[in-house]
Novice: 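My questions all concern the structure below.
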Amino acid sequence: RQAPRLLGWHEGALPTHGNYLGAVASVWFDGTGAMSFWDERMLAAGSLAPMLTVNTGAAHHGAGMVKPGAQFVSGSLRATTGTSPDGVVVFDRQGNRVDSTRTCPGLHGLAGNGEGVLYGCADGALLVAIQGGRPAFAKLTHATDARFGVGTVWAADGQSRFLVRLSIRGASPASTANRQIGVADPASRRMTPIAIPELDWTAGLSYDGRHALVLGRSGTLYVADMATRQVTGQLASVVAPMPTAGTFVTPFFAEAAGVVYMTSPTTGEVLELTLTNGVPSVARRIRTGGTPERVVVLG
């Protein structure tokens with residue numbers, strides 16, 4: 001940091017996917033089905049090597065994540081028929097295979113919080129938690145329609161519930177009847193939609209996890225309480241509507257305490273939004289020029 005330079009690197013077969021939970025970063029390598037994990041405390045102490053590298057089996061487009069407390073790690077399993085994942089395998093920190101399940105067909109989407117790690121499945125979602133010092137698997141289903149699966153998951157530290165994108169896979173065209181943003185509750189094992197009047201474009205969570213941020217395709221931002229699923233405020237036309245054809249860039253959220261930053265690709269801005277009791281307002285428009293896509297908050 002004081003004299004910026006590359007300290008080292010770790011290689012695997014492309015493409016790669018990364019995520020973070022607690023103090024541990026994980027990287028997944030599609031080309032081998034392997035995953036590596038780094039504990040930031042070990043990095044700070046000068047160890048550049050992963051704390052653990054394990055292989056789940058056959059190569060596939062998958063994902064992995066450490067478990068809360070970092071005692072175990074989990075990753076997707078390639079289906080025995082086909083190339084997509086259909087289950088989850090759990091390893092301990094010594095690389096020993098501890099448990100696995102094949103109860104997540106069409107696995108896609110992943111996030112973790114203090115409750116555990118939630119994987120999206122074609123028929124719901126799979127929660128991988130720790131009970132009695134052992135990994136435990138539990139299925140979460142849509143509150144009223146078992147046809148809904150999960151394709152994207154969002155989580156926040158300090159929030160037990162997950163934000164999920166629910167859809168009936170294969171249903172076309174997309175509509176509010178077959179695609180929803182909802183809340184997954186590990187306690188009830190149910191996923192319930194948030195009622196907004198249009199299809200979502202993208203979504204996220206506030207820094208404290210208390211509020212869901214749902215950007216509709218009209219460019220309107222909706223904010224909902226994660227406990228009640230009630231919309232607490234909205235901003236009409238905060239960004240341009242989602243194009244209906246061609247190539248385009250999707251706005252992106254980054255959160256800090258009491259503040260949300262959102263890219264506005266078509267206007268070349270980053271919007272600084274404040275949330276007061278769940279009601280959003282535009283505090284600043286930060287001019288960047290160009291086509292801003294991703295934004296991250298440091299410090």
Side-chain angles (χ1 to χ4, degrees), residues 1-79 83-102 104 107-120 125-131 133-137 152-158 162 254 294 296-299:
R1 189 170 57 181
Q2 293 161 358
R5 58 194 175 93
L6 182 65
L7 300 179
W9 62 87
H10 184 75
E11 294 179 325
L14 297 172
T16 63
H17 316 282
N19 56 55
Y20 206 90
L21 179 60
V24 179
S26 60
V27 176
W28 174 275
F29 300 97
D30 277 5
T32 58
M35 51 186 178
S36 296
F37 300 86
W38 285 264
D39 189 319
E40 67 177 20
R41 293 161 295 198
M42 294 170 62
L43 287 171
S47 174
L48 303 181
M51 72 175 195
L52 178 64
T53 295
V54 288
N55 199 303
T56 64
H60 65 279
H61 177 65
M65 179 173 272
V66 70
K67 310 298 299 148
Q71 180 182 0
F72 300 102
V73 301
S74 67
S76 59
L77 280 169
R78 175 172 161 163
T83 58
S84 65
D86 68 353
V88 172
V89 59
V90 177
F91 298 87
D92 63 21
R93 284 191 65 154
Q94 287 70 50
N96 301 308
R97 186 168 173 150
V98 177
D99 206 346
S100 64
T101 180
R102 291 282 187 180
C104 190
L107 184 152
H108 191 278
L110 167 66
N113 59 26
E115 289 293 316
V117 173
L118 191 70
Y119 287 85
L126 180 69
L127 178 69
V128 188
I130 304 299
Q131 294 179 0
R134 295 278 303 179
F137 305 107
T152 308
V153 185
W154 295 269
D157 289 342
F162 297 85
R294 298 295 181 96
V296 65
V297 179
L298 304 178

Novice: Can you tell me how far CZ of R102 sits from CG of L126, rounded to the nearest 0.5 angstrom?
Specialist: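 The distance works out to 12.5 Å.
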Novice: Just jot down the salt bridge (charged side-chain N to carboxylate O under 4.0 Å, His left out) partners of D30, sequence neighbours excluded, or say none.
Specialist: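 D30 satisfies salt bridge (charged side-chain N to carboxylate O under 4.0 Å, His left out) with no residue once adjacent residues are dropped.
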Novice: Spell out, as yes or no, whether a donor-acceptor pair under 3.5 Å connects the side chain of S36 to the backbone of V27.
Specialist: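 Looks like no, no N/O pair under 3.5 Å.
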Novice: Residues in side chain to side chain donor-acceptor pair (under 3.5 Å) with Q71, at least two apart?
Specialist: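 Side chain to side chain donor-acceptor pair (under 3.5 Å) check on Q71 returns nothing, list empty.
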Novice: Between A156 and N113, what is the shortest heavy-atom contact and its length?
Specialist: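 So the minimum-distance heavy-atom pair works out to O-CB, 3.6 Å.
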Novice: Tell me which pairs pass salt bridge (Lys or Arg N to Asp or Glu O under 4.0 Å) where either residue lies in residues 41-67, with sequence neighbours left out.
Specialist: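 The answer is D39-R41.
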Novice: Report the distance from atom CE of M35 to atom CE of M65, rounding to the nearest 0.5 Å.
Specialist: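 Rounded to the nearest 0.5 Å, the CE-CE separation comes out at 11.5 Å.
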Novice: Only counting residues at least two apart or in another chain, list the ones meeting ring-ring contact (aromatic ring centres under 6.0 Å, His included) with H60.
Specialist: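 Scan of H60 (ring-ring contact (aromatic ring centres under 6.0 Å, His included), adjacent residues dropped) gives W28.
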Novice: Under the salt bridge (Lys or Arg N to Asp or Glu O under 4.0 Å) rule, what pairs show up with a residue in residues 7-20, not counting sequence neighbours?
Specialist: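 Checked against salt bridge (Lys or Arg N to Asp or Glu O under 4.0 Å) - neighbours excluded - no pair reaches residues 7-20.
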Novice: Looking at N19 and G64, would you say the former's side chain and the latter's main chain have a donor-acceptor pair under 3.5 Å?
Specialist: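 At least one qualifying donor-acceptor pair exists.
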Novice: Return the set of residues passing side-chain contact (heavy atoms from CB on, under 4.5 Å) with T152 (not counting sequence neighbours), or none when no residue passes.
Specialist: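 Counting only residues at least two positions away or on another chain, T152 forms a side-chain contact (heavy atoms from CB on, under 4.5 Å) with W154, R165.
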Novice: By the salt bridge (Lys or Arg N to Asp or Glu O under 4.0 Å) test, which pairs, at least two apart or in different chains, include something from residues 42-62?
Specialist: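 Of all non-adjacent pairs touching residues 42-62, none passes salt bridge (Lys or Arg N to Asp or Glu O under 4.0 Å).
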Novice: Looking at residues at least two apart in the chain, or sitting in another chain, which of them share a ring-ring contact (aromatic ring centres under 6.0 Å, His included) with W38?
Specialist: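 Here the qualifying residues are H10.
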Novice: Sequence neighbours excluded, which residues qualify as side chain to side chain donor-acceptor pair (under 3.5 Å) partners of S47?
Specialist: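 Side chain to side chain donor-acceptor pair (under 3.5 Å) list for S47, sorted by chain: empty.
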Novice: Among all residues two or more places apart in sequence or in another chain, which pass the side chain to side chain donor-acceptor pair (under 3.5 Å) test with R134?
Specialist: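 With sequence neighbours excluded, R134 shows a side chain to side chain donor-acceptor pair (under 3.5 Å) to no residue whatsoever.
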Novice: Using the test side chain to side chain donor-acceptor pair (under 3.5 Å), find all partners of D92 that sit at least two apart in sequence or belong to another chain.
Specialist: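 So D92 forms a side chain to side chain donor-acceptor pair (under 3.5 Å) with N96.
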Novice: Taking C-beta and beyond as the side chain, do P68 and L21 meet within less than 4.5 Å on heavy atoms?
Specialist: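 Heavy-atom side-chain distance check passes, below 4.5 Å.
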Novice: Tell me every residue that passes side-chain contact (heavy atoms from CB on, under 4.5 Å) with A79, counting only those two or more places apart in sequence or in another chain.
Specialist: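 Per chain and number, A79 pairs via side-chain contact (heavy atoms from CB on, under 4.5 Å) with D86.
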